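Values reported hereafter were calculated over all heavy atoms of this structure, with side chains retained and with hydrogens, waters and symmetry mates removed. Just so you know, these numbers come straight off a predicted model, no measurement behind them.
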Amino acid sequence: IDGKSYYDFLSAYSAVNQGHCHSKILVALIEQAQKLTLTSRAFHNDALGEYCKFVTGYFGFDRLLPMNTGVEAGETAIKLARRWGYDVKKIPEGKA
């Protein structure tokens with residue numbers, strides 16, 4: 001802008017981080033939007049199963065839980081740790 005360069009650090013929601021409309025990003029965005037833009041794991045779509053199979057195979061995982069943000073990942077890690085504490089360590093209910 002006015003001969004100056006700027007970095008765009010305003011990513012907002014991870015699924016809509018297109019910055020300042022670079023032509024390569026726009027082409028990829030339009031191509032993807034013609035297939036599927038954004039969906040919840042709560043609803044079936046034909047891409048989630050293929051994605052899960054690829055990622056688990058690539059990384060050698062048994063399963064995965066796709067998430068949008070680190071906050072969701074952190075919350076899920078806490079829930080899993082608490083569940084493990086209850087099931088494996090036999091921590092009394094409501095104490096983990």
Apply the hydrophobic cluster definition, ILVMFWY joined by side-chain contacts under 4.5 Å directly or through others, and give me every member besides [X].
X: Trp84; answer: Val88
X: Leu80; answer: none
X: Tyr86; answer: Ile91

With sequence neighbours excluded, tell me which residues meet salt bridge (Lys or Arg N to Asp or Glu O under 4.0 Å) with Asp87.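 Testing Asp87 for salt bridge (Lys or Arg N to Asp or Glu O under 4.0 Å), a comparison that skips the adjacent residues, returns Arg83.
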Strictly by salt bridge (Lys or Arg N to Asp or Glu O under 4.0 Å), give each pair with a member in residues 42-57 just once, sequence neighbours left out.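 Qualifying pairs, neighbours excluded: none.
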Verify the cluster assignment for Leu48 and Phe59: are they in a single hydrophobic cluster under the rule of side-chain heavy atoms below 4.5 Å apart?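 Hydrophobic grouping puts Leu48 with Phe59.
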Hydrophobic clustering (ILVMFWY, side-chain heavy atoms < 4.5 Å, transitive) - are Leu64 and Phe54 grouped together?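 Phe54 and Leu64: one cluster.
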Residues that Tyr51 engages under side-chain hydrogen bond (donor to acceptor under 3.5 Å, both in side chains), provided they are two or more places apart: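 For Tyr51 there are no side-chain hydrogen bond (donor to acceptor under 3.5 Å, both in side chains) partners, ignoring immediate neighbours.
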Quick check for you: to the nearest 0.5 Å, what is the distance between Leu29 atom CG and Gln34 atom CD?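 Going from CG on Leu29 over to CD on Gln34, the span is 9.5 Å.
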